[in-house]
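Notes follow once the structure below has been shown.
None of these values were measured; they are calculated from a predicted model.
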Amino acid sequence: MNQPKLIGLADCNNFYASCERVFQPKLRGKPVIVLSNNDGCVIARSNEAKAIGIQMGQPYFECKNLIQKFKIAVFSSNFALYGDFSGRVMKILENFTIDLEIYSVDEAFMDMSNMPFPDICAYGQEIRQTVKQWTGIPISIGIGPTKTLAKIANKIAKKYPAFKGVFNITDHPHLDEILQKMDVEEVWGIGRRFSKMLYQYGIKNVLQLKNSPDAWIKKQMSVTGLRTVLELRGIPQIEMQDAPEAQKSILTSRSFHQPVTTLQALNEAVATFTSRAAEKLREQNCAASYLQVYISTGYHQRGDIYHGSTGMELPHPTSNTPEFIATALRCLKKIFKWGCNYKKAGVIFTDIVPKKQQQLDLFTPIAEYERQEKLMALMDQANWRWGDDTLKYGATGISQKWRYRQEKRSPSYTTRWDELLTIKNPTQKSQNKV
DNA sequence: TCTGGGGTCCTAGGACCC
DNA sequence: TCTGGGGTCCTAGGACCC
């Protein structure tokens, strides 16, 4: 029989906002927010910004008044920077556990069973301090017998300063009281729809959810919902994953800052997204054999709302950009409708296989494959070294009027040579790269 | 005027087969 | 007009996550 598990969830606090703050110490204790692509809406908030009342997902234009009034520091998102920080944090966490499962850019589950420490919370504190010291990123750690309870413990660790960022919910004497005070919506796996439904049946707090009958839960919320409830009861349903599984889909999409109306402009956008998706595919050493394209008008606009999407199978799994672009443009032609104000487009690759398993088709000579492979590798290298779009396909367009906007992006301090942090030397007037 | 992007899993329903 | 039962596979859509 398996030993009961102890699972820790380490979660970076206000991750993107914290990353931005690392390089601007003067912003410590000050409200900071990070915006989505297009500077459209708020996707990260420091505690101070939350206290002021800025909401997650709130449109930027809606909170401009508050921003001015409270002098909130605003950043466009800089995912290269956040990805780099994420890697550093995860590397540190790895040293503290036998099994780390990276769950998202700012979260990881840690197997903390059988740790040779009598006080698991003290150990958690040590992890927390190390990460803070080495990266500048504050984290919180929740510990519990299941992933769902570890998530809940993490929320508590964040909510009550008395716990100093680490909370263990396992065998807690006041577990039921804790759960009774939490809203069902706070549970991992219960979103807006389900919590609304549960509310209608009078199930408002987590304790009530935990004690609801299995059959009813399954009927209302399918097996996923039932798993969540069992996890709340301390029965593990969501195991730790040993190795990261191969991705099943790769998606690249963007909203346009201004509506796009012509097929020509959409062609460019779709070709660009396709190139980017193909790069991601090659980064993972994979090939794909199915491609979908979608385009849509805005949801907030007046007039016709249109959502078109279609897919096509490629003759064989590939990672070759020109093949994808040709297929994607054919898909686009099928779904394009004149007279629409398009606000978004995207490309999705599915049926992904590792490159080793890639089936070559019979009629293309091996030498041709090798030539394509070399060309792709060369382009990826050039774009990695000298910046995105150093080398690109003509189909992706030159003017790219549909491009999105990022007015307040911080420099990529850690990932681009030309944007390394510069420090002013008080004795000289010049600035030096570090 | 201005509202993100990238994923996973589950289910229902249709097509098809014997 | 009446018209079985059971299985598989695929896709679209809905739910969730960060």
Interatomic distance where [atom1] belongs to [X] and [atom2] belongs to [N] [whole Å]:
X        : N      : atom1 : atom2 : answer
A:Glu245 : B:dG7  : CD    : P     : 15 Å
A:Gln284 : B:dG6  : CD    : P     : 13 Å
A:Phe256 : B:dT3  : CZ    : C1'   : 16 Å
A:Ile190 : B:dC9  : CD1   : P     : 18 Å
A:Asp11  : C:dC17 : CG    : C1'   : 12 Å
A:Gln292 : C:dG13 : CD    : P     : 11 Å
A:Met56  : B:dT3  : CE    : C1'   : 13 Å
A:Tyr60  : B:dC2  : OH    : C1'   : 10 Å

Discussion item. Can you see whether A:Asn168 engages A:Thr170 through a side-chain donor-acceptor pair at a distance of less than 3.5 angstrom?
Written reply: yes
Closest listed nucleotide, where the reference is the side chain of [X] and the choices are [options]:
X        : options               : value
A:Arg193 : C:dC16, C:dC18, B:dG7 : C:dC16
A:Phe194 : B:dT8, C:dC16, B:dC9  : C:dC16
A:Lys151 : C:dC18, B:dT3, B:dG7  : C:dC18
A:Ser249 : B:dC9, B:dG5, B:dG7   : B:dG7

Tell me whether the side-chain N/O atoms of [X] come closer than 4.0 Å to OP1 or OP2 in [N].
X        : N     : value
A:Lys248 : B:dC9 : yes
A:Arg227 : B:dC9 : no
A:Lys280 : B:dG6 : yes
A:Lys344 : B:dT3 : no
A:Ser255 : B:dG5 : yes
A:Gln58  : B:dT3 : no
A:Ser253 : B:dG4 : no

Item to complete: Between B:dT3 and C:dC17, how far apart are the P atoms? Round to whole Å, please.
Response: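 One P to the other, the span is 25 Å.
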Discussion item. Which label fits A:Phe163 and A:Phe167: parallel for a plane angle under 30°, tilted from 30 to 60°, or perpendicular past 60°?
Written reply: tilted
Worksheet item: Using 30° and 60° as the class limits, which term best fits the ring planes of A:Phe324 and A:Phe349: parallel, tilted or perpendicular?
Response: parallel
Using a heavy-atom cut-off of 4.0 Å across all strands, would you classify [X] as base, sugar-phosphate, or nothing?
X        : answer
A:Tyr103 : sugar-phosphate
A:Val187 : sugar-phosphate
A:Gln247 : sugar-phosphate

Discussion item. Reading DNA chain B from 5' onward, which residue's closest nucleotide shows up sooner: A:Lys218 or A:Thr252?
Written reply: A:Thr252
Practice prompt. Please figure out whether A:Lys343 or A:Ala246 has its closest DNA chain B nucleotide nearer the 5' end.
Written response: A:Lys343
Fill in: Side-chain touch A:Thr146/A:Ile7, heavy atoms, less than 4.5 angstrom
no
Worksheet item: Are A:Leu198 and A:Ile190 side-chain neighbours, meaning at least one heavy-atom pair lies under 4.5 Å?
Response: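 Yes, close enough: below the 4.5 Å cut-off.
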Fill in: Pair A:Lys151 + A:Glu231: basic N to acidic O under 4.0 Å
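Salt bridge absent between A:Lys151 and A:Glu231.
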Worksheet item: For B:dC18, what is the paired nucleotide under Watson-Crick or G-U wobble rules, both distances under 3.5 Å?
Response: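 Pairing partner: C:dG5.
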